[in-house]
Amino acid sequence: MIVELSHRIVEGMITYPGVPAPVLGEHLSREASKDVYAPGTTFHIGTITLAANTGTYLDTPFHRYAGGADLSGVPIQKLADLPGLVVRAGEGREVGLDRFAGLDVRGRAVLLHTGWDRHFATDRYFSGHPYLAPEAAAWLAEQGAALVGIDSLNIDDTPPRGERPAHTLLLGKEIPVVEHLTGLGALPAEGFRFHAAPPMIAGMGTFPVRAYAVIP
């Protein structure tokens with residue numbers, strides 16, 4: 001079974017306050033293509049202008065560090081066919097270290113299920129969101145998690161001009177981060193494979209992904 005874990009990207013959507021919404025357009029319309037191809041053969045070639053941090057997206061080390069690996073430099077083995085682990089968040093905003101007690105995270109995609117995705121595309125989504133505690137981020141980095149994802153606005157708390165310890169710690173250890181996941185409630189705690197690969201774009205640190213899980 002395949003479980004969809006990505007938000008749909010549509011024109012005008014706001015993923016994060018201050019980040020511009022995507023704009024869809026056309027390079028070649030079906031009507032115009034009638035002059036290019038044989039009779040009865042038409043095509044549509046669309047365009048899109050979007051910020052890299054749109055929808056469900058992946059952060060690479062380059063997002064935080066100038067010398068870190070960008071989208072073209074992160075090996076596909078770190079982004080696809082990873083053994084998955086879902087960690088259910090407790091009460092409150094902070095996903096603390098206690099939620100990981102007894103878990104083996106080494107080499108696994110650790111997905112933080114907070115349920116905040118239920119507010120996506122509403123104003124509620126942008127404030128008071130759950131996030132990963134700094135000490136938990138440090139532990140995940142030390143324990144060798146392969147990737148960390150969250151179904152929330154950001155893996156860090158987001159006060160104005162605030163620090164971003166989870167990004168700093170995880171990306172500093174070359175552990176990719178996926179934000180704005182959805183549908184994690186449909187996954188078992190483990191026993192699935194996680195995929196979240198973006199295009200190989202040089203010089204860019206983030207980009208939308210089609211995140212999904214495969215349950216045998």
Side-chain angles (χ1 to χ4, degrees), residues 5-7 9 15-20 50-87 94-95 97 99-100 103-114 129-159 161-182 184 193-213:
L5 302 176
S6 303
H7 289 289
I9 294 177
T15 301
Y16 192 96
V19 175
L50 84 165
N53 292 42
T54 297
T56 302
Y57 56 79
L58 177 99
D59 293 342
T60 69
F62 184 74
H63 179 50
R64 175 65 178 81
Y65 298 99
D70 61 13
L71 293 167
S72 67
V74 176
I76 192 66
Q77 291 85 355
K78 290 190 173 185
L79 307 171
D81 199 28
L82 298 170
L85 175 68
V86 174
V87 175
E94 192 173 73
V95 183
L97 186 56
R99 308 309 300 175
F100 302 89
L103 297 180
D104 179 8
V105 301
R106 184 168 300 278
R108 306 175 87 173
V110 180
L111 309 181
L112 310 179
H113 176 214
T114 72
H129 66 88
Y131 61 91
L132 181 64
E135 60 271 21
W139 184 83
L140 287 168
E142 293 167 0
Q143 294 297 312
L147 176 150
V148 180
I150 192 168
D151 59 354
S152 179
L153 178 76
N154 201 291
I155 201 166
D156 277 302
D157 196 10
T158 55
R161 299 184 64 83
E163 296 181 348
R164 297 293 189 269
H167 281 90
T168 297
L169 291 161
L170 295 172
L171 297 178
K173 288 290 189 178
E174 300 185 339
I175 300 171
V177 172
V178 180
E179 294 170 316
H180 308 281
L181 287 163
T182 188
L184 296 182
R193 312 293 291 191
F194 179 73
H195 304 255
M200 292 179 64
I201 304 175
M204 187 171 286
T206 63
F207 206 76
V209 292
R210 186 72 178 264
Y212 62 93

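Nothing fancy with the numbering, it's 1 onward along the sequence. A quick note: this is a predicted structure, and the numbers were derived from the prediction, not measured.
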request  = Under the side chain to side chain donor-acceptor pair (under 3.5 Å) rule, collect the residues that match up with His180, sequence neighbours excluded.
outcome  =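 For His180 the side chain to side chain donor-acceptor pair (under 3.5 Å) partners, ignoring immediate neighbours, are Tyr57, Tyr125.
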key: Pairs involving residues 199-208, ordered by first then second residue, that meet side chain to side chain donor-acceptor pair (under 3.5 Å) (sequence neighbours left out)   =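 Non-adjacent pairs meeting side chain to side chain donor-acceptor pair (under 3.5 Å): Asn53-Thr206.
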Nearest-0.5 Å distance, [atom1] of residue [X] to [atom2] of residue [Y]:
X      : Y      : atom1 : atom2 : value
Thr182 : Asp151 : OG1   : CG    : 7.0 Å
Lys78  : Thr60  : NZ    : OG1   : 11.0 Å
Leu170 : Asp59  : CG    : CG    : 10.0 Å

Who are the salt bridge (Lys or Arg N to Asp or Glu O under 4.0 Å) partners of [X], not counting sequence neighbours?
X      : answer
Arg106 : none
Arg99  : none
Arg108 : Glu190

Using distance only, find each side-chain donor-acceptor pair of residues 62-70 under 3.5 Å and give its atom names and separation, not counting sequence neighbours.
{"unit_1": "Arg64", "atom_1": "NE", "unit_2": "Thr168", "atom_2": "OG1", "d": "2.9"}
{"unit_1": "Arg64", "atom_1": "NH2", "unit_2": "Thr168", "atom_2": "OG1", "d": "3.3"}
{"unit_1": "Tyr65", "atom_1": "OH", "unit_2": "Thr168", "atom_2": "O", "d": "2.7"}
{"unit_1": "Asp70", "atom_1": "OD1", "unit_2": "Ser72", "atom_2": "N", "d": "3.0"}
{"unit_1": "Asp70", "atom_1": "OD1", "unit_2": "Ser72", "atom_2": "OG", "d": "2.7"}
{"unit_1": "Asp70", "atom_1": "OD1", "unit_2": "Gly73", "atom_2": "N", "d": "2.9"}
{"unit_1": "Asp70", "atom_1": "OD2", "unit_2": "Gly203", "atom_2": "N", "d": "2.7"}

ask   = Can you check side-chain contact (heavy atoms from CB on, under 4.5 Å) on Glu179 and Thr15, steps first, answer last?
value = CA-CA 10 Å; Glu179 294 170 316; Thr15 301; over 6 Å; no
ask   = Has the side chain of His195 got a donor or acceptor atom that lies under 3.5 Å from a matching backbone atom of Asp81?
value =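 Indeed, once roles are kept as given, a pair shorter than 3.5 Å links the two residues.
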inquiry  = Would you say that Leu132 contacts Ser152 through its side chain, given a criterion of any heavy-atom pair below 4.5 Å between the two side chains?
reply    =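 With C-beta onward as the side chain, the pair stays apart.
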ask   = Going through the distances and angles, do Arg210 and Thr56 end up as a side-chain contact (heavy atoms from CB on, under 4.5 Å)?
value = CA-CA 7 Å; Arg210 186 72 178 264; Thr56 302; over 6 Å; no
request  = Mark yes when over 12 heavy atoms from residues, nucleotides or ligands other than Glu163 sit less than 6.0 Å from its CD; otherwise mark no.
outcome  =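 No, not enclosed.
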